[in-house]
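So you know, we letter chains A, B, ... as the sequences are listed, proteins then strands, and number each from 1.
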Amino acid sequence: MKIIIVLFSTILDYYISSFLNENTLFLPLLTLITLYLIDANNTIIFIIGLIYDILYTNVLFFDALIYLFSIFLVRKINFKSKIISSLILIINYRVICYLVLLFFNNIKFDLYWLIKNIYSSLIVNIIYMFIFFLFFDIIKKKKRM
Amino acid sequence: MKKGKKNKKIIIYLIFFIGALSLIYYSLNIKKTNFIFEQVIKDFFYNSFSFNKKECNLSIDNQMILTYNNNLKRENNELKSLLELKSEEIRFISSKVINRDISFWYNNFTINKGKKDGVDLDMIVINEKGLIGIISSITNNTSTVKLISNSNLVDKISVRIENENDGVYGLLSRYNNLNNTFVIEGISENEEIKKGSNVFTSGLSEIYPGGILIGTVENIKTDQFDLAMIIEVKPSVDFGNINYVGIIERIKK
């Protein structure tokens, strides 16, 4: 069930990004959020990140490893609220991506680009989080009945 | 005992960290082609889930061909008296951008044509406004286009700046992300170049045919020694917003 939800979120990532342009405020990170919310283990995070890389980027281990780092850091911080943790995860992911690309000289130093990517990543992912919690609440209630 | 375990943990984390950085470096800077499993997964996914397989709008297709032919005609007229030209046909393969990652927005994107459509590595990609990039990797059904604004590609492009004489030749040295311009350095101060002059590919490289518009001269400065000019070129293509592209296939007779 969890794997199906993750794969669904990966496909949804693709469909939402198909409507994007550079200046959009709706950058999806649904795969990353889902992996965190379902408490996936490190192997699954790595494999799903690898699949994400194969499908959507040309760089094979990039997202696989950065997903691992970002989720690892957020789990270490260990906020009680999953919503705040997810927001920190989004910021974490964007900052780590930016630093890695900067370190390997793939982008120029541009803090505005980083800030723009962070605030553009918030809206659609927060909406997705609420839908996710609602969906799991409904399933829990049905199981109790 | 406890200290030993702690040290062991730190060493393992360090090894993992260095290994991760190496893998990332490999995939960002060394990896050139897709492995077979990547091709299979990509082809399966885009065949199954890609919607809107409609072809590029015919009028955009025609605009691209017209732009290319007009520029090529101009080049040919100038070169005819000097060189023996090999005649070659070109074929356009129109394509749609199906994926573009925000982290690599100015580096590359994926299009919905691949090997089975006749696409090959190092083919040039343009739109009706000018040069976009080259094909850097292919699967059966998709291809990855490396943009000319990519820092790995920009300094290998030989250009010709139009002027009243035969034109001035130079090399694009980098792409300035802050003001979205290409920079040409090392042009002699004695050359006459005006703002607004068109900049085309020179045709001096094996990969880029001549006569494809890159942009227009926006700003002319001199270097710190006042010996050479630094020219900023505003790209004709809006790299932030690309939806349909044309791939040039050169068929030599």
With chain A as the partner, which of B:N108, B:T144, B:T142 has the greatest number of non-hydrogen pairs under 4.5 Å? B:T144
Using heavy-atom distances under 4.5 Å, tell me whether B:F44 contacts chain A through its side chain, its backbone, both, or neither. neither
Whether over 12 other heavy atoms sit under 6.0 Å from A:F8 CZ: no
Counting only heavy atoms from other residues, nucleotides and ligands, does the tally under 6.0 Å from CD1 of A:I4 exceed 12? no
Taking atom NZ of B:K234 as the centre, does the number of heavy atoms from other residues, nucleotides or ligands within less than 6.0 Å exceed 12? no
Contacting region of A:F69 [heavy-atom separation from chain B under 4.5 Å]: side chain
More than 12 foreign heavy atoms under 6.0 Å from CZ of A:F130: is that the case here? no
Closest heavy-atom pair, A:L60 versus B:F37, reported as atoms and distance to 0.1 Å, is CD2-CZ, 4.0 Å
Quick one: CG on B:L23 to CG on A:L65, what's the gap to the nearest 0.5 Å? 6.0 Å
Chain B contact via A:I51 - which portion, at a heavy-atom distance below 4.5 Å: neither
With a 4.5 angstrom heavy-atom cut-off, could you sort out which part of A:F46 is near chain B: side chain, backbone, both or neither? neither
Side-chain touch A:F104/B:L21, heavy atoms, less than 4.5 angstrom: yes
Going from CD1 on B:I24 to CG on A:D63, what distance comes out if it is rounded to the nearest 0.5 angstrom? 9.0 Å
So, taking the atom named CZ in A:F72 and the one named OH in B:Y13, what distance separates them when rounded to the nearest 0.5 Å? 4.0 Å
Set out, in order, the CA-CA distance, both residues' side-chain angles and the distance that settles side-chain contact (heavy atoms from CB on, under 4.5 Å) for B:F45 and A:T10, then state yes or no. CA-CA 11 Å; B:F45 179 80; A:T10 308; 5.9 Å; no
Under the side-chain contact (heavy atoms from CB on, under 4.5 Å) test against B:E38, which residue among A:L50, A:I54, A:L55 passes? A:I54
May I have the step-by-step check of side-chain contact (heavy atoms from CB on, under 4.5 Å) for B:I98 and A:Y14, ending in yes or no? CA-CA 9 Å; B:I98 54 172; A:Y14 165 63; 4.2 Å; yes
